[in-house]
Visitor: 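Here it is, the structure, as C-alpha cells.
Whatever order the structure lists ligands and atoms in, that order sets their numbers, starting from 1. When a residue number appears, it is its place in the shown sequence, counting from 1.
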Amino acid sequence: MANRTWKPYALRGVLLGACMAFAAHAADAPVAANPATVQLIAAGKPALSLDAKALAAMPHEEVTASAHDEPASQWRGVKLEDVLAQAGVSLDKPLRGRALASFVRVTASDKYQVVFALSDLDPTLGHTQVLLVDARDGKALDKDGPFRLLVPGDKRPARWVRSVTSIEIVDGGTTDRP
Ligand SMILES: Nc1nc2c(c(=O)[nH]1)N[C@H]1C(S)=C(S)[C@@H](COP(=O)(O)O)O[C@H]1N2
Ligand SMILES: [Mo]
C-alpha cells in the first residue's frame with residue numbers, strides 16, 4: 001500500500017476526463033449518411049447494387065401525389081417492376097404456381113420494412129403502382145432519400161418507405177408444390 005500513488009479522486013478525474021473526451025468525440029462524429037445504393041436481392045441470384053446513376057438511366061414516370069393532405073408534390077421514379085426485372089424477376093408474363101407465394105420486402109436505413117405480394121404488382125392481378133422515386137418537385141430527395149417508395153393509390157403513405165436500402169424478392173412458399 002505504501003507505493004500507492006493513485007488517490008480515488010485522481011481516478012475519478014481520469015474517468016471524468018475520458019467520458020468528456022468520448023462525449024466530445026461523439027458530438028463531432030459525422031451523422032452517417034444514407035447509403036447511396038439500393039441492394040437488390042433475389043434468391044438464387046447474385047445480389048445487385050443499384051446506385052443513383054443506374055437508377056437515373058432507367059425509364060421514369062411522373063406522378064402527382066400528396067400525403068397527409070399536404071400540397072401535392074411532383075414525384076419522379078422508376079416502376080418497381082422494372083427494378084425487379086433488373087434482379088431477373090419478370091412480371092411480363094402472368095405469375096403462376098409458386099411465384100404467387102413470393103413477396104417483395106423493402107427495407108430502409110432506419111430498419112423500417114414493408115412487404116408487397118409479388119402478385120399485387122402483377123399487371124394481370126393487383127397491378128399496384130409502386131415507384132422507386134429519386135426526385136420530388138425537380139430536386140433530389142435529401143433526408144428522405146436518396147430513394148423513396150411511392151404508392152400513389154394508397155390512402156395513407158405508410159408504404160412510402162423513405163431512404164430505401166434494400167429490395168428483396170422472397171420465395172414465401174412453404175410447401176413443396178412447384
Ligand atoms: N424509412 C421509413 N419510411 C417511412 C416511415 C418510417 O418510419 N421509416 N414511416 C411511414 C409512415 S407510417 C408514414 S405516414 C410516412 C410519412 O411520410 P412523411 O414524413 O413524408 O409525411 O412515411 C412512411 N415511410
Ligand atoms: Mo404513418
Visitor: In this structure, which one of L121, V170, V89 forms a side chain to side chain contact (heavy atoms under 4.5 Å, CB included) with V104?
Guide: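 Going through L121, V170, V89 one by one, the side chain to side chain contact (heavy atoms under 4.5 Å, CB included) with V104 is satisfied by L121 alone.
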Visitor: May I ask you to decide whether R76 forms a salt bridge with D134, counting only side-chain N to carboxylate O separations under 4.0 Å?
Guide: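 A salt bridge is absent here (no side-chain N lies under 4.0 Å from a carboxylate O).
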Visitor: Verify the cluster assignment for L84 and I41: are they in a single hydrophobic cluster under the rule of side-chain heavy atoms below 4.5 Å apart?
Guide: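 No: no chain of side-chain contacts under 4.5 Å links L84 to I41.
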Visitor: Quick check on side chain to side chain contact (heavy atoms under 4.5 Å, CB included): which of V133, L131, V78 does H60 satisfy it with?
Guide: V78
Visitor: Given 3.5 Å as the limit, does a donor-acceptor pair link the side chain of D120 with the main chain of G126, or not?
Guide: no
Visitor: Pick out the protein N or O atoms lying less than 3.5 Å from any N or O of ligand 1, and list each pair with its distance.
Guide:
residue, atom, partner, partner atom, Å
ligand 1, 1 (N), D110, OD1, 3.0
ligand 1, 1 (N), D110, OD2, 3.4
ligand 1, 1 (N), R162, O, 3.0
ligand 1, 3 (N), R162, N, 3.0
ligand 1, 8 (N), D110, OD2, 2.8
ligand 1, 17 (O), R148, NH2, 3.0
ligand 1, 17 (O), R162, NH1, 3.1
ligand 1, 19 (O), R162, NH1, 2.5
ligand 1, 20 (O), R148, NH1, 3.0
ligand 1, 20 (O), R148, NH2, 3.3
ligand 1, 21 (O), H68, NE2, 3.1
ligand 1, 22 (O), R148, NH2, 3.4
ligand 1, 24 (N), W160, O, 3.1

Visitor: Going by the side chain to side chain contact (heavy atoms under 4.5 Å, CB included) test, name the single residue among V83, T37, V164 that passes it with L50.
Guide: V83
